[in-house]
Amino acid sequence: MENNAWVLSDLPPSCKPLGCKWIFKKKKKVDGTIDKFKARLVIQGFRQKERIDYFDTYAPVARISTIRLLISLAATHNLMIHQMDVKTTFLNGDLEEEIYMKQPEGFVMPGVIICLYVDDISWIFGTNQTQVDKTKEFLSSNFSMKDMGEADVILGIRIKRENKGLTITQSHYIEKILKKFNCEGCGPVSTPMEAGIKLMPRVGKPVNQLEYSRAIGCLMYVMTSTRPDIAYVVDN
């Protein structure tokens, strides 16, 4: 990841991703003792087809005879011989083709989702607290922000975390609109409206159209947020 050899992206419709596999090895010293343990994630390139997905598969290396010649010169001219190791050498090469690989099993790219509402409210959804805190710091450094902590109410929807899950409810909002439209005495029913019933035109005192529209608007908000079971009656 630190070499920026890849980026997490969506797979284009016409592409097929290659699989991957973890390779674990022990790197030993000359005397046979363990130098270090190595783990490498490799792409399953054997699934590619020659002359379609690739053309040449070689790497320029020095011949052993060349190395022996250099050692001979070092002995003749009393040269020092030092050794260096290029970490992940192959990552320094430039690919001309685009290659897509499946994410390894268990891999989760940490990140956040920022949700904006109108122009002054935002919610941050993150996979861990560290990422959330970094996002807060970034936003606060660019805008005047107020940290309201963990969200418990979003747009009238109460959020409760329990049993490794989330429960959403609008009971307080429903009680508010019942009181607003003088329906506090209404009793709950298991089925809001009988299916197939035909509604008849209202006779008597006409209903205030503005208040009726307001009531329907409040019910539609509840319906789309937490109560899809009342969709039929609201629609009718």
Side-chain angles (χ1 to χ4, degrees), residues 7-13 102-103 106-236:
V7 293
L8 192 65
S9 65
D10 295 326
L11 183 68
K102 297 178 181 178
Q103 294 187 46
F107 174 82
V108 177
M109 186 68 176
V112 296
I113 299 174
I114 301 177
C115 178
L116 301 178
Y117 183 77
V118 191
D119 59 351
D120 60 345
I121 301 178
S122 64
W123 299 281
I124 302 172
F125 300 81
T127 55
N128 58 68
Q129 188 62 44
T130 302
Q131 292 294 327
V132 172
D133 292 340
K134 287 182 179 179
T135 304
K136 286 183 177 181
E137 292 177 4
F138 172 76
L139 292 175
S140 298
S141 64
N142 290 273
F143 308 97
S144 178
M145 305 288 291
K146 178 182 178 181
D147 190 352
M148 302 172 66
E150 188 172 2
D152 57 349
V153 177
I154 294 180
L155 301 179
I157 303 173
R158 187 174 298 278
I159 303 173
K160 185 177 181 181
R161 189 178 297 275
E162 54 183 17
N163 298 327
K164 296 183 179 181
L166 295 174
T167 301
I168 57 174
T169 177
Q170 286 181 290
S171 57
H172 61 296
Y173 178 77
I174 295 174
E175 292 173 357
K176 180 180 177 180
I177 61 177
L178 287 175
K179 183 178 181 180
K180 178 179 180 180
F181 296 105
N182 300 318
C183 297
E184 296 174 274
C186 296
V189 293
S190 58
T191 304
M193 182 178 181
E194 183 180 348
I197 190 173
K198 293 183 178 181
L199 300 179
M200 302 298 294
R202 180 184 174 89
V203 294
K205 185 179 179 180
V207 179
N208 186 304
Q209 187 63 37
L210 181 59
E211 287 297 301
Y212 179 78
S213 299
R214 288 175 176 172
I216 294 298
C218 291
L219 290 174
M220 289 182 66
Y221 179 60
V222 174
M223 174 194 73
T224 56
S225 299
T226 60
R227 294 294 302 274
D229 57 309
I230 67 172
Y232 181 78
V233 63
V234 173
D235 184 62
N236 286 272

>> Closer than 4.0 angstrom, basic N to acidic O: yes or no for E211 and R214?
In response: yes
>> Using the side chain to side chain contact (heavy atoms under 4.5 Å, CB included) definition, which of the options I157, T226, V222, V153 pairs with Y173?
In response: V222
> If you look at every heavy atom in G126 and V132, which pair is closest and at what distance?
Replying inline: CA-CG2, 3.8 Å
>> Looking at every heavy atom in both T169 and H172, which two are closest together, and how far apart are they?
In response: O-CE1, 4.2 Å
> Looking only at heavy atoms, which two atoms of I168 and S225 are closest? And how far apart?
Replying inline: CD1-O, 4.0 Å
> About how many Å separate CG of L219 and CZ of F181, when rounded to the nearest 0.5 Å?
Replying inline: 8.0 Å
> What closest approach, in Å, do I124 and L139 show between heavy atoms, and which atom pair accounts for it?
Replying inline: CD1-CD1, 4.0 Å
> Hey, is the main chain of F138 close enough, under 3.5 Å, to the side chain of S141 for a donor-acceptor pair?
Replying inline: yes
> D133 pairs by side-chain hydrogen bond (donor to acceptor under 3.5 Å, both in side chains) with which of K136, Q129, Q131?
Replying inline: Q129
> Atom OG1 in T135, atom CD in E137: separation rounded to 0.5 Å?
Replying inline: 9.0 Å
